[in-house]
Amino acid sequence: MISQLLERSRDLPLALIDGHDSFDPASYGSEKCQRIFWIRCREAMQAIQCTDLLLRDGNLPLILLDLHLTSARELKRIPNAIWHRFRTEARASGASLLALTPRPCLPSPHSRFTLSSTFTLQNLELEKPQLKTTNSEEAREVVYS
Amino acid sequence: MSYAALHLPGLPLTCLLAREQIDSSLPAALLSSGKREKSSLLHLNEVATRFQLSIGMNTTRALARCPELTLYDDDSKLEAQARAEALALLDTFTPDYEDTGADTFLLDLSTVLFASREEWLHQALEISRQLGLPLNLSLADTPDLAHLAALSCQTSSSLRYQPKASLSVLSEPPSIYDLPLDLLRRNRAFPLPQADLLQLWGLRTLGDLIDLPRQGLGERLGPELARLHDVLTGKHHRLLKLSRPRQDYQTSHHFEPPVEGVDPLLFMARRLLQVLCQRLASQQRAAEALHLVLSFENGAAHSRQLRQSEPTLDPDILLRSLHTHLDSFHAPAPISEFHLRLLPTLPHQAQHQLFQRGLSDPHKFADTLKRLSGVVGIDQLGIPQPAGNHRPGEFDLHPLEADFNIPTPPEPIPAYSRLPLKRQRPPLVVRVASEKRGRHLQPLALLSGPHQGTIQDFRGPFPLSGSWWESPWQQSEWDVALPKNLLLQVTHTPPHDWHLTGIYG
């Protein structure tokens with residue numbers, strides 16, 4: 001998904017707030033890495049602080065908060081009020097916040113997507129996977145294939 | 001009468017006499033540097049000239065002619081101070097003036113309103129009393145005519161202190177054409193090396209010189225004489241090389257008593273920054289950095305240069321960067337004094353691209369970058385660049401500037417796989433059941449860690465090594481598939497260590 005976001009983001013870098021310091025630039029190559037502003041955080045609360053600062057700043061149009069590898073226990077410590085505040089700040093500054101979490105935990109997002117994928121080792125040698133959207137009842141589901 | 005000339009006759013000597021409060025009715029001379037026996041006279045006061053002394057005469061000869069002659073050594077610091085005071089005085093008359101020579105200044109009065117010539121001269125001389133130096137002041141239609149008139153007290157209004165303080169304003173000054181040619185013999189602005197020849201021809205005054213035909217003068221004695229002829233007849237009207245005082249963009253404030261919080265400091269800083277920004281604006285400059293020096297009650301000091309993302313004239317932006325810095329700073333003692341200095345540069349001008357989006361507020365973004373550095377550390381944010389050691393998972397971060405000026409990396413980041421990898425940092429130690437196949441150990445199952453199970457499929461090994469010349473490392477990477485389509489990357493470091501280094505997908 002980051003790869004596809006980077007293909008669209010041209011002028012200003014994508015702010016990637018890496019909540020678990022798990023981003024691997026080698027998976028994306030030089031050209032795309034030149035458009036990533038990578039913030040390496042050691043814990044979820046650091047990532048939340050950085051998101052807050054960037055949303056209030058409002059200069060970067062797209063902020064990706066990656067909490068995908070954050071444990072459920074750590075995610076529970078983030079109060080719901082913070083997500084509401086992020087939504088207000090994003091609306092005020094005109095920035096978009098995309099949060100990646102292992103399970104649905106944002107209380108009132110503008111849109112919610114569920115990413116699912118089925119890969120085998122053969123996919124490591126094939127073309128890069130593309131996002132495809134399917135509709136479901138509760139949320140739009142995005143399948144990585 | 002739109003030009004004035006201020007002449008301080010014999011300034012290097014008169015400023016010495018004025019400081020020492022020496023009676024200038026006694027003959028005095030200023031010596032050139034070096035041994036006294038070999039030195040010569042640089043300047044003479046009016047009394048000394050009556051003893052047939054002249055500039056350039058050696059000391060022994062001068063003392064033989066005038067035993068009462070008092071000799072002084074040159075004091076360049078005192079002269080520079082007197083000149084600085086004179087320039088500050090001129091700045092009160094008009095902002096447009098020229099520092100013509102060592103002892104003469106020309107003023108452009110075209111923008112100054114005055115009722116009459118005599119009134120302006122009188123007022124100017126009254127104000128000039130604060131210098132405490134004898135001076136000549138003249139008005140003319142061209143700068144050079146005013147300069148020539150100011151060289152003599154006969155053709156200019158003057159201020160004298162000997163034998164008593166007097167101020168003389170000439171309502172109808174005599175013509176400069178009556179001035180002797182000898183006056184220009186040593187003058188640097190109007191050099192007249194042919195003065196002896198002209199005197200042999202019977203010429204005594206400047207008026208005699210302009211009676212000669214200009215073309216003939218130029219052909220026989222050179223273009224300098226033709227130029228002087230033009231100056232004397234008023235045909236040559238040059239532009240002044242305006243002198244602008246050197247602006248300093250710094251200010252200080254002393255706290256009495258010393259303050260402990262940031263708020264009083266920010267309150268004062270805002271006021272002072274407004275003044276400094278106005279100074280910059282008057283010179284069509286902007287601030288590229290703010291230099292802060294804090295002095296503490298215990299004698300310690302702290303200095304920091306806060307560079308701006310782009311040149312600015314907005315005191316609020318400068319204050320914000322100051323506030324951000326002070327928020328993360330712990331003072332060792334109450335602050336007794338602070339000093340602010342703005343580094344001037346040309347204002348930033350850029351043509352925005354129609355179809356390209358830029359930062360809406362670069363200053364705010366620069367401020368945010370500093371705050372982010374405070375949260376995660378200055379080396380934990382930026383644009384990823386290859387580390388140069390080819391070790392998987394290690395990257396450098398190029399600091400992001402507010403102008404997004406990112407250098408091209410010396411070597412590209414190699415893309416290892418088609419699927420993105422989520423790296424485990426630091427790699428997680430796992431127990432792996434394995435069997436030896438050839439030179440490598442092949443993983444069979446993951447026995448510990450967050451993802452355990454039998455390995456259903458694998459790719460590898462991918463042996464990697466490096467830094468053999470200093471701290472060698474060697475490892476084999478394996479891509480393994482566990483049940484439920486879980487794709488992992490595990491690494492074997494000989495002889496028996498296994499690590500989970502990432503998850504694909």
Side-chain angles (χ1 to χ4, degrees), chain A residues 1-3 10-13 15-18 20-42 45-50 52-54 56-61 66 68-69 93-94 115-129 144, chain B residues 353 355-362 364-365 367-369 371-372 374-377 379-386 392-393 395 397-398 400 402 404 406 408-409 411-426 456-459 479-481 485-487 501-505:
Chain A
M1 191 176 74
I2 295 173
S3 179
R10 294 279 175 198
D11 304 331
L12 294 173
L16 171 63
I17 301 167
D18 193 356
H20 206 261
D21 194 12
S22 61
F23 177 67
D24 180 42
S27 302
Y28 300 91
S30 293
E31 194 186 338
K32 286 177 181 171
C33 283
Q34 292 280 300
R35 296 200 294 271
I36 290 182
F37 174 38
W38 184 19
I39 304 172
R40 304 172 69 169
C41 303
R42 286 176 293 278
M45 284 319 288
Q46 264 190 355
I48 293 293
Q49 270 182 291
C50 293
D52 190 30
L53 285 170
L54 282 174
R56 271 191 282 166
D57 178 76
N59 273 295
L60 296 183
D66 187 357
H68 189 62
L69 293 184
S93 64
L115 295 176
S116 60
S117 62
T118 310
F119 294 124
T120 62
L121 284 177
Q122 283 69 38
N123 288 101
L124 291 172
E125 293 166 357
L126 298 175
E127 292 260 316
K128 276 205 178 288
Y144 226 177
Chain B
Q353 303 284 333
F355 298 107
Q356 194 172 344
R357 185 171 173 182
L359 288 181
S360 56
D361 190 346
K364 194 175 178 185
F365 188 63
D367 194 49
T368 303
L369 286 179
R371 287 174 188 267
L372 287 170
V375 174
V376 294
D379 55 344
Q380 294 296 309
L381 70 167
I383 306 289
Q385 308 264 299
F395 296 92
L397 284 171
H398 184 270
L400 185 69
F404 297 127
I406 303 157
T408 309
E411 52 187 294
I413 298 172
Y416 288 115
S417 70
R418 298 290 181 184
L419 283 180
L421 180 73
K422 289 194 178 299
R423 280 205 172 269
Q424 183 74 39
R425 290 192 181 94
Q456 296 179 331
D457 196 3
F458 67 88
R459 285 170 76 231
D479 298 326
V480 298
N485 295 321
L486 193 59
L487 300 181
T501 46
I503 304 167
Y504 285 108

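Letters A, B, ... mirror the listed sequences (proteins, then strands); counts begin at 1.
For the atom pair CG of B:L397 and CD1 of A:I36, the computed distance is 11.0 Å after rounding to the nearest 0.5 Å. Put simply, CD on B:Q380 and CG on A:D18 are 10.0 Å apart, with the number rounded to the nearest 0.5 Å.
Ion pairing of B:K422 with A:D66 is present here, as a side-chain N (NZ or NE/NH1/NH2) and a carboxylate O approach within less than 4.0 Å.
Within the 4.5 angstrom heavy-atom criterion, atoms from both the backbone and the side chain of B:L372 approach chain A. Contacts of A:Q46 with chain B are made by both backbone and side-chain atoms, with heavy-atom separations under 4.5 Å.
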Do A:L53 and B:V375 pass the side chain to side chain contact (heavy atoms under 4.5 Å, CB included) test, and can you show the C-alpha distance, the side-chain angles, and the key distance before you say yes or no? CA-CA 10 Å; A:L53 285 170; B:V375 174; 4.0 Å; yes
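For A:R56 against B:K364, the heavy-atom pair with the smallest separation is O-NZ, 3.2 Å. For the residue pair A:P25 and B:R425, the shortest heavy atom distance occurs at CD-NH2, 4.3 Å. The two atoms that bring B:P384 and A:W38 nearest to each other are CB-CE3, 3.9 Å, heavy atoms only. Across all non-hydrogen atoms, the minimal contact from A:C41 to B:V376 is SG-CG1, 3.9 Å.
Under the side chain to side chain contact (heavy atoms under 4.5 Å, CB included) criterion, B:D457 pairs with A:L121, A:Q122, B:A481, sequence neighbours left out.
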